2 protein chains.
Amino acid sequence: MKDGPDIARIASLIGDPGRANMLAALMSGKALTAGELAREAGVRVQTASGHLTRLEEGGLIARERQGRHHYFRLADTDVAGVLEALMGLAAAKGQLRTRTGPRDPELRRARVCYNHLAGEVGVMLYDGLRARGVLTGEGEGIALTDAGRAEMAALGIDLSAASRSPECKSCLDWSARRSHLAGRLGRGILDFTFAQGWAMRPEGTRIVRFSGIGEGAFRKAFNV
Amino acid sequence: MKDGPDIARIASLIGDPGRANMLAALMSGKALTAGELAREAGVRVQTASGHLTRLEEGGLIARERQGRHHYFRLADTDVAGVLEALMGLAAAKGQLRTRTGPRDPELRRARVCYNHLAGEVGVMLYDGLRARGVLTGEGEGIALTDAGRAEMAALGIDLSAASRSPECKSCLDWSARRSHLAGRLGRGILDFTFAQGWAMRPEGTRIVRFSGIGEGAFRKAFNV
DNA sequence: AGAATAGTTCGGTCCAGACCGAACCATTCC
DNA sequence: GGAATGGTTCGGTCTGGACCGAACTATTCT
């Protein structure tokens, strides 16, 4: 029939375990080098190089050369969105959870979703801000109220991030199956959280680990 | 690393051209038999049977036996959502559109997205209903207003559909890259449109083809 | 019952592509 | 310059899985 877009091409790119691991690693939002991604995928660097070339040709990732390093990142937030959606399906359909990893609980609690906060804490933030009238609307149509914008500015959160992404956006969570906050505000809040030292990111994971004090300060700041 | 859900398993299921074609065919919302799906995918029935078993085991489709026929449909709307999202990416990244099919313009104009209306007409409907205050909110949080519910009832649109799906829901369109209306209301409106004879569906496609009169009546009824 | 139709299972072929060793290119450091 | 480091390209191996013919099972029709 061959009607509509060719989804098999994209899906098969994601469908290789090695490449999938690389993409999952890039969901951390950090740009990673070929070597790091090779370790992530558990393959030799030559193999990884081949995968990365294919992913780049497929438009899923972007490459940036910096001296002898090649940094890779997801091509755009659309790609991140599809990956997160796939994680949602996989988590739902995963045959009886193939031995949930040791880090799973922490990932469900709070993690980075490309450039913003996901997991229970992300959902809590989203719900809290909406309940308090900082945000209005829902889903794609979500927006900061004037009061909300003032509040964020008072905290010192940077919304300027030179990017085409909308100020606010919601993103579906694979673990909680609920929306959380993306867009420039989502990114600004996550950056702010790290800048304040409220949370740190264990090397090489998507986990966002709050300190006891940090979590308290975070909840107080955003009143959730 | 193996953190988070195993997306490669699902993605590789979708990543085979034959299976992808079958899934795309099932996006029409109709339950199809193994033989029909084999034709759709362009493979022999034995091969299709194998694919269908794998898709079923993977939780992407559901099987219903009826006499000597086996009917297959997408497992749930989540699967449809991921497929539509993948189509969005594929359409965006598709290297210079590998020769858009002859039916492409019609598909972009109006098509079935699992059980509701998508394409330009679907987006127009969504925007129109929101502009007129039949719907309030956006994205996931969209809902019928009381006035809107009355109006739909007056037209005779059935919202009862015994399903767990929400009354209203928005769904991202691969062609227009905009939201359109899903959920029980979306389904009710599409069913109603066919019941009124305003549009028909060419056999074996996702196309929704309005007649001249039908389109006029549709626009008048929903005031778009 | 026998014939026709719809699907599945089995066995075997075949190929795309994942993988790695080795050689090669590019950049940085000393 | 030479050595070290990070990536890519090339050539060859090997396997998963897509595919189909043939045989088999299940259901319906007459």
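In what follows, chains carry the letters A, B, and so on, assigned in the order in which the sequence lines appear, proteins first and then strands, with residues in each chain numbered from 1. This structure is a prediction, so every number in the text was calculated from the model and none was measured.
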Next on the checklist: Can you work out whether Asp16(B) or Ala34(A) has the more 5'-proximal nearest nucleotide on DNA chain D?
Outcome noted: Ala34(A)
Checklist outcome for this item: Picking from dT9(D), dT27(D), dG6(D), the nucleotide nearest the side-chain atoms of His69(A) would be dG6(D)
Item to check | Pair Glu120(B) + Arg108(B): basic N to acidic O under 4.0 Å | outcome: no
Item to check | Exercise: do Arg63(A) and His70(A) side chains pair donor with acceptor under 3.5 Å | outcome: yes
Item to check | Atom pair CG (Leu185(A)) and CG (Leu144(A)), whose distance is rounded to the nearest 0.5 Å | outcome: 5.0 Å
Item to check | Atom pair distance, as rounded to whole Å: CZ in Arg54(B) and P in dG16(D) | outcome: 12 Å
Next on the checklist: Before you tell me yes or no, could you show the steps for Arg111(B) and Glu84(B) under salt bridge (charged side-chain N to carboxylate O under 4.0 Å, His left out), namely the whole-Å CA-CA distance, both residues' side-chain angles and the distance that decides it to 0.1 Å?
Outcome noted: CA-CA 12 Å; Arg111(B) 68 176 178 280; Glu84(B) 186 77 9; 3.0 Å; yes
Next on the checklist: Heavy-atom nearest nucleotide on DNA chain C for Ala48(B) versus His51(A): which residue maps closer to 5'?
Outcome noted: Ala48(B)
Checklist entry - Is there a side-chain polar atom (N or O) of His70(A) under 4.0 Å from OP1 or OP2 of dG6(D)? => result no
Next on the checklist: Any side-chain N or O of Thr33(A) below 4.0 angstrom from OP1/OP2 of dG7(D)?
Outcome noted: yes
Checklist entry - Does any donor atom in the side chain of Glu56(A) or Thr53(A) lie under 3.5 Å from an acceptor atom in the other side chain? => result no
Checklist outcome for this item: To the nearest angstrom, the CG-P distance between Leu32(A) and dG6(D) comes to 15 Å
Item to check | Residue pair His116(A) / Arg187(A), side-chain donor-acceptor N/O under 3.5 Å | outcome: no
Checklist outcome for this item: 5'-most to 3'-most nt of DNA chain C touching chain A (<4.0 Å, heavy-atom partner on protein side) reads dG17(C) to dT28(C)
Checklist entry - Checking all strands, does Thr53(B) fall into the base, sugar-phosphate, or nothing category for heavy-atom contacts under 4.0 angstrom? => result nothing
Next on the checklist: Looking at Asp6(B) and Lys93(A), is any side-chain nitrogen of the basic one under 4.0 Å from a carboxylate oxygen of the acidic one?
Outcome noted: no
Next on the checklist: Whole angstroms only, please: what is the CD-P distance between Gln66(A) and dT5(D)?
Outcome noted: 20 Å
Checklist entry - dT25(D) P sits how many Å from Arg65(B) CZ, rounded? => result 16 Å
Checklist entry - Within this structure, what is the CG-to-P distance between Leu52(A) and dT9(D), rounded to whole angstrom? => result 12 Å
Item to check | Short side-chain N/O contact to dC19(D) OP1/OP2 from Thr47(B), under 4.0 Å | outcome: no
